[in-house]
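Remarks on the structure that follows.
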Amino acid sequence: MRYDFDEIVSRRESNSVKWDSTADDGVLPMWVADMDFRAASAITEALRRRVEHGIFGYTRVPDSYYKSITDWFGRRHGWRINKDWIVYTTGVVPAISAIIKTMTSPGDKILIQGPVYNCFYSSIRNNGCEVLSSSLIYADRTYRMDYDDLERKAADPAVKLMLLCNPHNPAGRVWTREELTRLGDICFRHGLIVISDEIHCELTMPGYTYTPFASISEEFQRHTVSCISPSKSFNIAGLQIANIVCQDEAIRNRIDKAININEVCDVNPFGVVATEAAYSEGEEWLLQLMEHIKGNYDYMTDFCKQNLPDFPITILEGTYLAWMDCSCLGMTSEHLEKELLSKAKLWINAGTMYGPEGEGFMRWNLACPRINVEEGLRRFHSYLCIR
């Protein structure tokens with residue numbers, strides 16, 4: 001079956017955070033990370049059958065749910081997950097917050113690699129901990145890890161955890177096995193547990209391979225807590241479902257307790273049904289999706305080369321989020337976001353949302369019909385011509 005990712009599906013007046021957060025119908029939103037595509041037909045059909053049952057009481061998570069997860073990651077990524085290692089919850093961010101709560105004390109430091117997903121900062125600070133960033137190095141339209149800096153900061157006895165983003169949002173990197181191995185060796189040498197946010201794991205460009213951090217070796221498996229979800233890859237974030245994978249039983253029991261204390265231990269029936277359908281029947285939709293995202297990225301790259309040569313975008317290895325260098329304008333990212341919204345009716349994210357290392361950058365969401373990418377770039381170019 002061929003899916004039409006260029007179909008225009010109106011999301012106005014659907015209580016969409018992305019489309020209904022402004023009263024101005026003329027704004028083109030290319031900011032928050034959800035897609036403007038209908039979910040795979042296997043998912044919508046499974047949800048339709050569940051809705052027709054008509055009763056939506058408390059949900060028991062069946063064995064088939066766990067099997068869909070273990071089969072998917074085993075087959076696609078060579079990661080053998082034991083069913084007993086899985087703790088379900090409502091989302092990756094609540095998962096990260098619960099893990100931090102149970103594995104740190106207020107005042108502890110948590111290592112990240114900025115620029116990085118904005119909720120890392122809030123999850124750390126909301127638990128009374130301190131953010132310590134080993135900044136990624138930007139050069140030649142891509143990012144790499146600073147291992148010397150990582151080594152120095154991991155050696156700080158106040159550092160208890162490393163928060164890894166794999167693949168990386170917003171840098172668009174799909175970390176290689178070699179890069180992850182070197183990072184893990186540093187962290188484990190200094191006694192750190194790695195929390196790996198792998199929510200974008202299926203969103204990889206041709207030629208790039210996602211490596212589950214915990215799959216690298218038995219040592220990595222023992223010292224890693226992985227957070228996964230079909231929400232980004234299959235556009236079902238609103239169904240609020242995610243999974244924590246942790247081999248170590250003692251740590252897993254502590255996390256499970258924190259999940260219950262935080263009262264994010266109950267999931268809804270639609271999230272369970274959609275997860276099973278996605279992992280059991282959604283692969284063809286996903287493959288076609290990535291073809292479309294790659295086409296959107298190629299279009300943006302060509303447009304920028306021809307019309308915006310001073311605004312390079314990073315090489316996109318994974319996710320559907322383009323990271324544009326706008327430092328030539330000499331204005332802050334937050335000011336540029338406001339200017340584009342008010343003068344061009346284009347809404348993209350200021351890079352500083354992802355930490356101070358994001359200053360001078362803007363993040364674009366390419367998970368939309370091609371015509372929206374074209375229009376967004378046209379508005380950006382027109383803004384530059386009149387400013």
Stepwise side-chain contact (heavy atoms from CB on, under 4.5 Å) check, Y210 with N166: CA-CA 8 Å; Y210 152 69; N166 173 43; 3.8 Å; yes
Reported CD1-to-SG distance for the pair I251 and C246, which is rounded to 0.5 angstrom: 5.0 Å
Validation row: I69, I228 side chains within 4.5 angstrom (heavy atoms): yes
From CA spacing to verdict: side-chain contact (heavy atoms from CB on, under 4.5 Å), S97, N127: CA-CA 7 Å; S97 292; N127 281 285; 4.2 Å; yes
Salt-bridge present (R189, E151; N to O < 4.0 Å): yes
Ring centers of Y138, F361 separated by less than 6.0 Å: yes
Exercise: identify the closest heavy-atom pair between Y121 and I112: CE2-CD1, 3.5 Å
Non-hydrogen side-chain atoms of V225 and D248 separated by less than 4.5 Å: no
Straight-line distance of D325 CG to T314 OG1, nearest 0.5 Å: 9.5 Å
Joint cluster assignment, I99 & V131, ILVMFWY side-chain distance < 4.5 Å: yes
Test: K67 and D63 ion pair at under 4.0 Å: no
More than 12 heavy atoms of other groups within 6.0 Å of E219 CD: yes
Distance-minimising heavy-atom pair for N235 and F37: ND2-O, 2.8 Å
Within 45° cone of Y383 ring axis and under 6.0 Å: K343 NZ or CZ: no
Minimum heavy-atom distance R173-E179, with the two atoms named: NH2-OE1, 2.7 Å
Heavy atoms from other residues, nucleotides or ligands near CG of D140 exceed 12 (cutoff 6.0 Å): no
Stepwise side-chain contact (heavy atoms from CB on, under 4.5 Å) test for I43 and F234: CA-CA 9 Å; I43 294 175; F234 291 95; 4.0 Å; yes
Crowding at CD1, I371 (>12 non-hydrogen neighbours, <6.0 Å): no
Same apolar cluster (I L V M F W Y, side chains within < 4.5 Å links), Y147/V116: no
Student check: side-chain heavy atoms of V245 and W79 closer than 4.5 Å: yes
Ring-ring centroid check F311 F380, cutoff 6.0 Å: yes
Over 12 non-hydrogen atoms of neighbours within 6.0 angstrom of NZ in K83: yes
Passing option when N349 is tested against Y354, W364, W323 for side-chain hydrogen bond (donor to acceptor under 3.5 Å, both in side chains): Y354
Min side-chain heavy-atom separation D6-H292 under 4.5 Å: yes
Option among R370, E291, E374 that satisfies the side-chain hydrogen bond (donor to acceptor under 3.5 Å, both in side chains) test with N296: R370
Neighbour count above 12 (heavy atom, 6.0 Å) for E13 CD: no
Check: I216 and L180 side chains under 4.5 Å, non-hydrogen atoms: yes
Salt bridge R379-E375, side-chain N to carboxylate O under 4.0 Å: yes
Shortest non-hydrogen contact from G114 toward S133: N-OG, 3.1 Å
Nearest heavy-atom neighbours spanning R363 and W31: NH2-O, 3.2 Å
W85 with I244, same ILVMFWY side-chain cluster at under 4.5 Å: no
CG on L47 to CZ on R50, rounded to 0.5 Å: 10.0 Å
E218 atom CD, neighbour heavy-atom count above 12 within 6.0 Å: yes
Parallel, tilted or perpendicular: rings of H200 and Y320 (30°, 60°): perpendicular
Distance, nearest 0.5 Å, that separates OG of S68 from CD of E276: 5.0 Å
Spacing of L289 atom CG and E283 atom CD [to the nearest 0.5 Å]: 12.5 Å
Test salt bridge (Lys or Arg N to Asp or Glu O under 4.0 Å) applied to R12 - qualifying residues, sequence neighbours left out: none
salt_bridge(R48, E52) N-O dist < 4.0 Å: yes
Shared hydrophobic cluster for Y143 and L111 (ILVMFWY, side-chain gaps under 4.5 Å): yes
Considering all heavy atoms, the nearest L163-I124 contact: CD1-CD1, 3.9 Å
Test side-chain hydrogen bond (donor to acceptor under 3.5 Å, both in side chains) applied to W285 - qualifying residues, sequence neighbours left out: none
Derivation and outcome, side-chain contact (heavy atoms from CB on, under 4.5 Å), residues D36 and R11: CA-CA 8 Å; D36 293 325; R11 301 182 64 189; 2.8 Å; yes
Heavy-atom check, side chain of F120 versus side chain of I96, under 4.5 Å: yes
Hydrophobic cluster membership, L239 vs V93, 4.5 Å side-chain cutoff: no
Atom CG of N15 with >12 non-hydrogen neighbours under 6.0 angstrom: no
